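Taking it in order: structure first as structure tokens, then the write-up.
In this text the structure is predicted, and so the values were computed from the model without any measurement.
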Amino acid sequence: MMISMKKLHYFLLTTCLIFTCTFTSACSKNPEPVSKTGYYFDTIVTITLYCQNADAYIDDCFDMAEKYENLFSATKEGTDIYNLNHNNGEALTLDSETIDLITAGIQYAKDSNGAFDLSVGELSSLWQAGIKTKELPEKDAIEKALHTISWDNIKVDGNTVRLENDAQIDLGGIAKGYIADKMKEYLLSQGVTSGLINLGGNVLAVGPKNSDSPSYNIAIQKPFSDDGEPIASVKITNQSVVTSGTYQRYFEKDGTIYHHILDLSTGYPCENGLDSVTIICNKSIDGDALSTTVFLMGLKDGMNYVENLSDTEAIFITDSGKIYTTSGMGKTIPYTEIKE
């Protein structure tokens with residue numbers, strides 16, 4: 001669907017990533033870029049392609065976005081996840097792609113020792129409501145929700161899933177990454193070799209930009225900037241950039257900021273001195289899961305974790321405005337510290 005200028009303006013102010021593509025005279029040697037914007041998953045989706053018949057391919061990607069929203073949304077009635085969460089613990093047959101995504105989420109939970117857990121649905125819904133109303137969830141409700149969280153409560157058997165112990169699934173931590181990867185897979189199958197997919201800040205490059213300027217320059221937003229001011233940038237070719245940040249969804253009450261990145265050991269927003277973590281890797285679904293997981297690990301442990309992953313780098317921004325990058329970033333990211 002098309003979006004209003006008001007929503008577009010809001011996105012530009014709040015999205016965690018701003019992609020900037022400088023169009024030069026090289027465009028005369030390559031197809032002119034075609035860019036369209038839609039609104040899915042409660043966020044702005046922008047796709048830019050450098051190819052013939054770009055409009056048709058982008059429309060196909062938007063059809064994919066609508067299809068996946070109707071499978072993965074936890075709040076939209078009739079989706080696979082909504083139906084599963086409201087099935088009173090009974091087994092339910094789901095679409096094969098929903099099964100694929102749930103299975104991937106379980107593996108990420110295992111790999112992170114539960115720091116990332118897609119059974120967080122009841123707790124995340126409490127805080128989503130709290131952010132809307134600017135009110136803290138009740139302590140008893142948080143405690144109750146904590147007892148439902150464990151990836152082991154999700155029982156997958158072929159194409160059926162059953163939830164135990166009142167668990168609720170929330171795929172928000174990996175769904176956009178999965179969808180971006182599927183869009184890229186489709187575009188490559190159609191012979192499209194140059195483009196940029198942006199699902200509400202999950203940015204994924206389809207090949208190089210063009211022969212004369214192969215890299216896309218992706219800007220990382222300065223946390224809590226009122227106008228979306230960038231603080232850093234990274235050049236990518238055929239890679240993904242995903243950020244998790246405290247400033248993306250939050251409210252302030254009595255001088256304290258309450259954000260959407262939840263510490264599953266306490267049930268409250270994570271407090272570890274970080275404002276954002278950006279992951280650069282090959283697959284957007286990996287970047288989606290890792291950006292949250294690594295944020296929750298904190299600067300030291302998160303840095304060590306990423307250093308041991310292949311083809312993966314990270315950018316950490318602390319609440320004091322310091323920027324730290326993993327060793328593989330080298331000099332590819334020009335940055336400055338936040339000016340006090």
Side-chain angles (χ1 to χ4, degrees), residues 10-18 42-43 74-75 112-149 168 170 172-173 200-201 220-232 242-279 288-303 305 314-324 337-340:
Y10 174 79
F11 166 71
L12 293 174
L13 291 178
T14 61
T15 186
C16 60
L17 294 173
I18 311 159
D42 294 324
T43 193
T75 58
S112 67
N113 292 319
F116 175 94
D117 199 318
L118 69 165
S119 66
V120 71
E122 184 173 344
L123 181 66
S124 64
S125 65
L126 290 175
W127 283 100
Q128 287 166 11
I131 290 172
K132 287 181 179 179
T133 62
K134 302 186 184 304
E135 294 291 339
L136 290 175
E138 294 291 337
K139 184 177 180 180
D140 288 347
I142 291 174
E143 290 295 327
K144 177 177 177 292
L146 282 174
H147 290 297
T148 70
I149 299 172
Q168 301 274 288
D170 182 347
I220 313 301
Q221 184 176 316
K222 175 180 176 180
F224 298 102
S225 168
D226 290 334
D227 58 0
E229 175 188 352
I231 188 176
V242 182
T243 293
S244 286
T246 58
Y247 58 90
Q248 293 166 339
R249 295 194 298 277
Y250 73 96
F251 69 98
E252 186 172 350
K253 188 176 180 65
D254 299 328
T256 299
I257 288 176
Y258 297 93
H259 56 82
H260 72 292
I261 306 175
L262 304 177
D263 182 342
L264 302 189
S265 66
T266 67
Y268 287 82
C270 179
E271 296 182 42
N272 61 8
L274 290 176
D275 269 347
S276 73
V277 170
T278 297
I279 299 292
D288 222 354
L290 284 171
S291 64
T292 301
T293 300
V294 171
F295 185 103
L296 291 168
M297 289 179 175
L299 178 60
K300 182 178 178 180
D301 291 343
M303 183 81 72
Y305 187 78
I315 304 164
F316 298 78
I317 302 177
T318 71
D319 56 12
S320 63
K322 301 293 184 180
I323 298 178
Y324 298 86
E337 293 178 2
I338 296 176
K339 296 180 180 179
E340 301 294 343

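- Put simply, the side chain of T243 reaches to within 4.5 Å of the side chain of Q248, judged on heavy atoms.
- Residue pairs meeting the ring pair (Phe, Tyr, Trp, His ring centres under 6.0 Å) criterion with at least one partner in residues 119-146, sequence neighbours excluded, are W127-Y268.
- Note: D275 CG to D319 CG = 5.5 Å, rounded to the nearest 0.5 Å.
- Looking at F116 and L290, their side chains never come closer than 4.5 Å, going by heavy atoms from C-beta outward.
- With sequence neighbours excluded, no residue forms a ring pair (Phe, Tyr, Trp, His ring centres under 6.0 Å) with Y305.
- The list of salt bridge (Lys or Arg N to Asp or Glu O under 4.0 Å) pairs with a residue in residues 261-273, not counting sequence neighbours, is empty.
- Without hydrogens or angle criteria, S291 side chain to D288 main chain gives a donor-acceptor distance under 3.5 Å.
- Partners of N272 under the side chain to side chain contact (heavy atoms under 4.5 Å, CB included) rule, at least two apart in sequence or in another chain, are C270, L274, F295.
- Once rounded to the nearest 0.5 Å, the distance linking CD1 of I315 with CD1 of I220 reads 4.5 Å.
- When all heavy atoms are compared, the tightest approach of M303 to Y324 is CE-CB, 3.7 Å.
- Using a 4.5 Å heavy-atom threshold, the side chains of Q128 and D170 count as touching.
- Taking both residues in full, the closest heavy atoms of I279 and A314 are given as CD1-CB, 3.9 Å, listed atom of the first, atom of the second, then distance.
- Partners of A145 according to the side chain to side chain contact (heavy atoms under 4.5 Å, CB included) rule, which considers only residues two or more places apart in sequence or in another chain, are E122, L123, L126.
- Looking only at side-chain heavy atoms (C-beta outward), P269 and L262 come within less than 4.5 Å of each other.
- Residue pairs meeting the salt bridge (Lys or Arg N to Asp or Glu O under 4.0 Å) criterion with at least one partner in residues 245-258, sequence neighbours excluded, are E135-K253.
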